[in-house]
Structure formats: C-alpha cells, structure tokens
There are 2 protein chains.
Amino acid sequence: MKSRRDELVDTALRLFYKQGFNATGIDKILSESGVAKMTLYKHFGSKDELILAALTRRDEQFRDWLTNAMETASPDPRAQLLSLFDALEKWFRGQAFKDLGFSGCAFINASGEFTDPDHPAHRIAKQHKQEIVDYLAKLCTKAGATDPETLAEQLALLKEGAIVTAHVRGMPEAARVAKTIATGLLDAALPA
Amino acid sequence: MKSRRDELVDTALRLFYKQGFNATGIDKILSESGVAKMTLYKHFGSKDELILAALTRRDEQFRDWLTNAMETASPDPRAQLLSLFDALEKWFRGQAFKDLGFSGCAFINASGEFTDPDHPAHRIAKQHKQEIVDYLAKLCTKAGATDPETLAEQLALLKEGAIVTAHVRGMPEAARVAKTIATGLLDAALPA
DNA sequence: TGACAAATAGACAGATCGGTCTGTATATAT
DNA sequence: ATATATACAGACCGATCTGTCTATTTGTCA
C-alpha cells in the first residue's frame, strides 16, 4: 500500500516530467494526488524539496529498469551493452514507464531548467549520469575492454545523443543509429 | 544601431537561456533591457511570441557561428566535419557567445520545458536540429560519402551527446570523446 | 513651430504562485 | 472509550505573474 508520501512523489514526478518543474504548481500536484496541502509540508519543507525527492525517485526507477532490461537480455556482457539501445528504443516508443510516457530525460530537462551546476537538482542529474557511466564501465571491464572507462564514456555519450534526438526531433529510431555506432566501437575495443 | 525590438529579443534570449523560459518573468526582461512594457506588447502579442522570437534569433546566431567556424577551419570537407567538435569544445568552455556563456543547448532546454511536440517552441527546436543535420549531410556528400544522410545523422547524434554530457556533467572534454568516435566513422565511410 | 509616431513610467486588474494557519475528521492503539 | 497521530478541507497571506490602460515624454519630419 502506497503511503501519502509515495503518492505525492509519484504524482509530482509525473507532472514535473510532462509539464516541467517551474510550470507545475503545487496545487495541481495536490489535487491530482488527492493529498492535503499541510500533508505535503509535513513531509517536505518546500516545493524544491519535493522536486529533489521526485528526481531521486526517478533515478532509482530508471536505473532499476535499465539494469534489469540489460541483464535479462543476455548473459554476455557485450550483448548486454548493446541491449542498452534496444531498451532505449522501447522507452522512446512509450513501452516502458507506461504511466509516464516519453518526454525526454528528466535529468536533462532538470538541468535545462536549473542550469546552475551547483543547484541541487542539477547535482542530482549529474550524479545520475555518472552512476550510469560507472555501471557501463563495470560491464565493459567484464567484456574484456582494455580501456573500459573510455569505452563507457563513449557508450554513455551515444545514449545521451539518442535520447535528445528521439525527444527533440520525435525520432525513436535514433536508438538504432546509436546502436550501429556502438557496435563498431565494441568490435574495435573488445577481443574477438 | 539596435532597435528596441532587437534589444528585447537579445535580453530575452540571454535570460531565457540562463534561467529557463517559465522561470523568467516579463518584468525582468523589461528592466534589464530598459524597455517599457507597452513597447513589448506592441512588438509581440504575448510572452509566448517573445519566446519564439528569441529561439528564432538563437537559431540564426548559432548556425551562423557553427557554419562559419567549420568553414574557416579548413577547405577540406572531411576536416570541416571534424572541426565541428573543436567548435563545440570552444562553446562548452565559454569561448563562443561570450555574453551568453554555456548553459546547454537552448533548443534542448526548450524541448524540456515544452515537451509537447506540437508546441511552437518544440517545433522550432526540431526544425533547428533538422537544419543542422541537412547542413552536415551536404558536407558529407561533398566529402564523398556513399550514404551521406546516415553519416550526417550519426555525426549529429554525437553532437547532441556531447552537448548534454558537457552541460549536465560539467564535462567540456565530451567534445573530444565525440570527435574520437567521429574520426572512426569518417575513416570507415569516406574514400581514402 | 506644429503634427505625428514611438517609447516612456507606472498604476492597475485578475489570476496564480508558494507557503501558513485553523479547525475537523479519521484511524489506531492502549 | 479515550488519547494520539495523521490527514483532511479550505480560508488566507503576500508576492509575483501576464497583460491592459492612461498619461507623459521624446524624437523626427515637414
């Protein structure tokens, strides 16, 4: 059973993601979640704190989904790395996070609204991206890459490019463009 | 000499870019530009129209800068394509658009605040990205690529990945990560 | 000098914002 | 049954938002 706090965070995440952070008012979150205003301010000190809680929830949710998708795709680390882009395409096409749809990356969006790198929301975004790079580097090591960190940075950059292209241009097939490049990188960087 | 309209659009672009669209109020644009409110509403029917004008200005400004940087870098189309990433790194480090600094891509940011693909701001963003792809495809053709459209899409995706990585993670060296990948793509796709 | 266009300052309206407060209802546990 | 914690509804506050209005000033051209 969901707590009132969970109800708030889930509703906030959904609205922030679809309509933006600054454009989403407290009152809309309250009416859509059916929670009273005082309850919000018992759990969170301010709207800003609710934003951070929503982003933290998204971080867990997204990385759980991604690592699960990649690890169930294949036992082979090389194939797992490539399956990243298959998972992305499903996301772009609205087949993951069905209650949220696809409105780009919540962390890229947050960094766009809070451009100051010291803003807490921007810091969470940076941390989220770093954790994904670290996860990819782990897989690259398992796959036998001689320079797993560099390879992970390259794959992560392809991921970001695919997300932006899919969202701004409405082009979910960007995932396959990225996958093609990634295949070439893995062929060159991994032992046959 | 700058018209009052230009003064408004330039100030609006600077504030929208640094602080976000929804977070920037009309009054701040007016006070920083020294323009009266009625003058704004004579030139533009609403804040939304000013947003569109600012994005349109940014489109011209950015593509002028980019194509100029690439075409002055070398007469060779292959080298021009690679110099895209040198230009990006200068941008990331704040050495281009000195009055604006670097706060990510204004069009990615706009798409993040106006996620609806039918929103006029999102449409302008999509169009901006498409025009850059078309320009890259033209250069790829000149460089002798057998499939210039695909190559252009790949290079554009690398560009988007570099921008996001540089902004969200504060990592201007992402331009070189992208350039390394691009070099491999060009080596494989262009005649020796 | 006089007419006209454009921009100015600033009050104002109506809505919405984030956040505070009071008072009531509900549910659990002793 | 009573005490306690939690959440409810909703009024309320000051600030801010976009957009409208009036009245005044500035600059230009004839």
Side-chain angles (χ1 to χ4, degrees), chain A residues 1-57 106 109-110 112-116 119-122 124, chain B residues 1-57 106 109-110 112-116 119-122 124:
Chain A
M1 197 193 112
K2 259 204 258 186
S3 69
R4 304 270 75 192
R5 188 185 187 281
D6 288 341
E7 203 78 53
L8 272 173
V9 173
D10 287 344
T11 304
L13 172 58
R14 178 169 52 84
L15 293 174
F16 286 150
Y17 180 56
K18 197 172 302 181
Q19 321 190 3
F21 297 91
N22 283 303
T24 301
I26 288 285
D27 290 337
K28 183 170 259 177
I29 295 170
L30 294 174
S31 67
E32 293 215 10
S33 63
V35 173
K37 195 174 264 197
M38 275 313 291
T39 305
L40 189 160
Y41 284 98
K42 283 244 156 71
H43 286 291
F44 308 96
S46 65
K47 180 188 178 181
D48 284 312
E49 280 190 27
L50 179 58
I51 290 176
L52 301 187
L55 286 173
T56 300
R57 160 86 104 243
N109 297 351
E113 289 204 50
F114 311 110
T115 64
D116 180 353
H119 189 289
H122 198 129
I124 289 183
Chain B
M1 196 195 111
K2 259 202 257 188
S3 69
R4 304 268 74 192
R5 189 186 187 281
D6 288 341
E7 203 77 55
L8 271 173
V9 174
D10 286 344
T11 304
L13 172 58
R14 178 169 53 82
L15 292 175
F16 286 151
Y17 180 55
K18 196 171 304 183
Q19 320 190 6
F21 297 91
N22 284 302
T24 301
I26 289 285
D27 290 337
K28 182 170 258 176
I29 295 170
L30 294 174
S31 67
E32 293 215 10
S33 63
V35 172
K37 194 174 267 196
M38 277 312 292
T39 305
L40 187 160
Y41 283 97
K42 284 242 155 73
H43 286 291
F44 308 96
S46 64
K47 180 188 176 180
D48 284 312
E49 281 189 28
L50 180 58
I51 289 175
L52 300 187
L55 286 173
T56 300
R57 163 86 103 239
N109 297 351
E113 288 204 52
F114 311 110
T115 64
D116 181 354
H119 189 290
H122 199 129
I124 290 184

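These figures come from a predicted structure and were not determined experimentally. Convention: sequence-line order gives letters A, B, ...; per-chain numbering from 1.
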Atom-to-atom span, CD1 of Ile51(A) to P of dG19(C) - whole angstrom: 9 Å

Separation of dA7(D) atom P from Phe44(A) atom CZ, nearest Å, is 11 Å

Between Gly45(A) and Ala23(A), the residue closer to the 5' end of DNA chain C by nearest nucleotide is Ala23(A)

For atom CZ of Arg5(A) and atom P of dA7(D), their distance in whole Å: 12 Å

Counting the atoms with a prime plus P, OP1 and OP2 as sugar-phosphate, which does Lys42(A) contact under 4.0 Å by heavy atoms, base, sugar-phosphate, or nothing? nothing

Taking N and O atoms by type only, does the side chain of Lys37(A) place a donor or acceptor under 3.5 Å from a partner on the base of dG19(C)? yes

Starting at atom CG of Leu30(B), determine the distance to atom C1' of dT16(D), rounded to an integer number of angstrom. 14 Å

Base, sugar-phosphate alone, or nothing: which one does Thr24(B) contact when heavy atoms must sit under 4.0 Å apart? sugar-phosphate

Can you tell me how far C1' of dT18(D) sits from CG of Asn22(A), to the nearest Å? 16 Å

Minimum-distance nucleotide (side-chain atoms of Arg4(B) versus dA7(C), dA9(D), dG19(C)): dA7(C)

Could you give the distance from CG (Leu13(A)) to CD1 (Ile29(A)), rounded to the nearest 0.5 Å? 10.0 Å

May I ask you to evaluate whether Ser46(B) reaches the phosphate of dT18(D), defined as a side-chain N or O under 4.0 Å from OP1 or OP2? no

Give, for atom CZ of Phe114(B) and atom CD1 of Ile51(B), the distance between the pair rounded to the nearest 0.5 Å. 4.0 Å

Please state how far atom CD in Glu7(A) lies from atom C1' in dA7(D), giving the value in whole angstrom units. 13 Å

Using a cut-off of strictly less than 4.0 Å, decide whether His43(A) has a side-chain nitrogen or oxygen near OP1 or OP2 of dA7(D). yes

With a 4.0 Å limit, can you tell me whether Thr39(A) has a side-chain N or O closer than that to the phosphate oxygens OP1/OP2 of dT6(D)? no

Spacing between Leu40(B) atom CG and dT8(C) atom P, to the nearest angstrom: 10 Å

Let me know, please, whether Asp27(A) or Met38(B) comes out on the 5' side of the other along DNA chain C by nearest nucleotide. Met38(B)

Taking the side chain from Lys47(A) and the backbone from Gly25(A), do they hold a donor-acceptor pair closer than 3.5 Å? no

Between dT16(C) (P) and Lys47(B) (NZ): distance, integer Å: 15 Å

